[in-house]
Undergrad: 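Quick one: this structure, given as structure tokens, is what I'll be asking you about.
All values derive from a computational prediction rather than experimental measurement. Below, read A as the first sequence line, B as the second, and so on, with proteins coming before strands; counting in each chain starts at 1.
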Protein chains: 2
Amino acid sequence: MDVARLSKQDWLTAALGALAQGGVSAVAVVPLAQQLGVTRGSFYWHFTDRTALLRDALQWWEQQGTIAVIDQVASIADPRDKLRELFRIAITEDPVSGLEPALVAHADDPVVAPILRRVTERRVAFLTEAYAELGLPATRARRQALVAYSAYVGWIQLRRATPDALPEIVGDPEALAYLVDNLIGPTG
Amino acid sequence: MDVARLSKQDWLTAALGALAQGGVSAVAVVPLAQQLGVTRGSFYWHFTDRTALLRDALQWWEQQGTIAVIDQVASIADPRDKLRELFRIAITEDPVSGLEPALVAHADDPVVAPILRRVTERRVAFLTEAYAELGLPATRARRQALVAYSAYVGWIQLRRATPDALPEIVGDPEALAYLVDNLIGPTG
DNA sequence: CCACGTCCATACAGTACTGTACGGTTGACC
DNA sequence: GGTCAACCGTACAGTACTGTATGGACGTGG
């Protein structure tokens, strides 16, 4: 019959969902097993530890979230169009709602810290490169990249803190363009 | 002798610190009591519940964090100077490091949700008013307020995610002015 | 058809936290 | 100096989670 055996990936995605909602401490074996319809016996076959689950889940997210999106826009030749499309994707989409806020909140966690750091650095570096292609000198390019990235981060935070105050922006194409232009910043 | 009896406020500040570091689940009675050098008997005299501690702590923070800062800049007449000073304070100071990211991460929590919502709305309303004083029409003022506030939120998040990438901005007065101007946005 | 690898359930300690009940200590005030 | 309230320690259940050990079900290849 369909006894519905689980793969390692099932645990990873479930862990990311729990992490997004309740933070690191919500990545617990018992609730996840209950949610997946199995017992802890399943978990301790796939993973050695609770920490191993958290680490593997974050590493998987690191690959999917960072590399996939960057690959999606890296082919765009014009740097201004590239930034525009990048921010549009980043603002409107949100694969695992609330994950990034949860990660930032647990920035001190020994498992979270290195991965969050790598992802942030990689994103800022990509932005810096794009702004450099736009003609900014190196120092100003990195400065603008930090400003733009922090604006992006704040946006996804705000979307979670007050979800119903923002559709008035995302829903209106003109307002969305206004936001994207503001994210890109003064590059003239 | 100096048996160092605790006040209710001691528990509140300790709770905010724990909340900032480990999230809602870190606001636990046993660890806090241990950190304060007492047993749980003290806690259950001052508070009825673990939830009551969390609620009271957040309400205290709501008053201190929101009202105090707004009062500090509300007297400045020129709206542009007012915004400048507001963002300067918001960017450079951080009374309880990491609290706001932790709150956003637990935006679904029944205790956190209403308070976070009130604080966000109040801040955005204050910004909207300032931009209106600057001459923006109502719709654009609120839109710009949301953009500016999300940029601010992202800044304090980024400061926590990668603390050593940002002093290069805060330390340099010129770069700080650049950031503040970018937060204020195009208001010409 | 049976032997083996995969996947999961169950049972057993062990730990950490929550609430409650109650008893003890301290200091102010009459 | 006795009384009362504020404050805290201790002991008792109760719950939730972690890890480990072990055995069973299930399918696949020899």
Side-chain angles (χ1 to χ4, degrees), chain A residues 1-60 102-103 105-106 108-113, chain B residues 1-60 102-103 105-106 108-113:
Chain A
M1 301 293 289
D2 51 311
V3 276
R5 288 156 101 88
L6 298 179
S7 70
K8 195 167 179 175
Q9 184 61 40
D10 294 323
W11 284 98
L12 295 183
T13 55
L16 286 182
L19 180 60
Q21 276 214 357
V24 171
S25 58
V27 184
V29 182
V30 169
L32 287 179
Q34 199 164 341
Q35 173 187 333
L36 290 173
V38 292
T39 62
R40 302 192 335 280
S42 169
F43 174 82
Y44 285 103
W45 190 89
H46 288 291
F47 303 91
T48 67
D49 242 14
R50 180 183 164 275
T51 308
L53 169 64
L54 186 61
R55 177 175 35 81
D56 292 1
L58 287 179
Q59 283 177 357
W60 180 75
L103 291 182
H106 293 86
D108 291 340
D109 186 280
V111 180
V112 173
Chain B
M1 302 293 288
D2 52 309
V3 276
R5 287 156 101 88
L6 297 179
S7 70
K8 196 167 178 175
Q9 183 61 42
D10 293 323
W11 284 98
L12 295 183
T13 55
L16 286 182
L19 179 61
Q21 276 214 354
V24 172
S25 58
V27 184
V29 182
V30 169
L32 287 179
Q34 199 165 341
Q35 173 187 331
L36 290 172
V38 293
T39 63
R40 298 191 338 279
S42 169
F43 175 81
Y44 285 102
W45 191 88
H46 289 290
F47 303 90
T48 65
D49 242 16
R50 181 183 165 275
T51 308
L53 170 64
L54 186 61
R55 177 174 36 78
D56 291 1
L58 287 179
Q59 283 178 357
W60 181 76
L103 291 182
H106 293 87
D108 291 340
D109 186 280
V111 180
V112 174

Undergrad: Please give, in whole Å, the distance from dT18(D) C1' to L54(A) CG?
TA: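 Rounded to whole Å, this separation is 15 Å.
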Undergrad: Working to the nearest 0.5 Å, report the span between CZ of F43(B) and CG of L53(B).
TA: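 Answer rounded to 0.5 Å: 4.5 Å.
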Undergrad: Mind checking the CG-NE2 spacing from L58(B) to H106(B)? Nearest 0.5 Å is all I need.
TA: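 Atom-to-atom, L58(B):CG and H106(B):NE2 are 11.5 Å apart.
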Undergrad: More than 12 non-hydrogen atoms from neighbouring residues, nucleotides or ligands closer than 6.0 Å to CD on Q35(A), yes or no?
TA: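 Count over threshold, so yes.
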Undergrad: Identify which nucleotide among dC8(C), dT18(D), dT18(C) has an atom closest to any side-chain atom of T39(A), counting heavy atoms from C-beta outward.
TA: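 Output: dC8(C).
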Undergrad: Pick base, sugar-phosphate or nothing for V38(A), based on heavy-atom distances below 4.0 Å to the nucleic acid.
TA: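 Sugar-phosphate contact only.
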Undergrad: Checking D56(A) against K8(A) for the side-chain contact (heavy atoms from CB on, under 4.5 Å) test, could you report, in this order, the C-alpha distance in whole Å, the side-chain angles of both residues, the deciding distance, and whether it holds?
TA: CA-CA 10 Å; D56(A) 292 1; K8(A) 195 167 179 175; 3.6 Å; yes
Undergrad: Out of dA9(C), dT18(D), dC8(D), which nucleotide sits closest to the side chain of Y44(A)?
TA: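 Nearest listed nucleotide: dT18(D).
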Undergrad: Separation of L36(B) atom CG from dC7(D) atom P, in whole Å?
TA: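 That distance rounds to 15 Å.
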Undergrad: Tell me: CD of Q35(B) to P of dC17(C), nearest whole Å?
TA: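 It works out to 13 Å between those atoms.
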Undergrad: Is there a donor and acceptor pair closer than 3.5 Å between the side chain of R40(B) and the base of dG9(D)?
TA: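 By the distance-only test, no, there is no pair.
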Undergrad: So, the side chain of R50(B) versus the backbone of V27(B): is there a donor-acceptor pair under 3.5 Å, distance only?
TA: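 Answer holds: yes.
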Undergrad: Rounded to the Å, how far apart are F43(B) CZ and dC8(D) P?
TA: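 It is 13 Å, rounded to the nearest whole Å.
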Undergrad: What is the separation between atom CH2 on W11(A) and atom C1' on dC7(C), rounded to the nearest whole Å?
TA: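 Those two atoms, CH2 and C1', are 12 Å apart.
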Undergrad: Nearest to the L6(A) side chain among dT18(C), dC8(C), dC17(D), which nucleotide is it?
TA: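 The closest nucleotide is dC8(C).
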Undergrad: Between H46(B) and dA6(D), does any side-chain N or O lie under 4.0 Å from OP1 or OP2?
TA: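 It does not, given that no N or O in the side chain of H46(B) lies less than 4.0 Å from OP1 or OP2 of dA6(D).
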Undergrad: With distance as the sole criterion, do the side chain of R5(B) and the base of dA6(D) form a donor-acceptor contact below 3.5 Å?
TA: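 Yes.
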Undergrad: Tell me whether the OP1 or OP2 atom of dT18(C) has a side-chain N or O from R50(B) closer than 4.0 Å.
TA: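 So the side chain of R50(B) is within the cut-off, an N or O lying under 4.0 Å from OP1 or OP2 of dT18(C).
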Undergrad: In terms of side-chain heavy atoms of W45(B), which of dA6(D), dA9(C), dT18(C) is nearest?
TA: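 Comparing dA6(D), dA9(C), dT18(C) against the side chain of W45(B), the answer is dA6(D).
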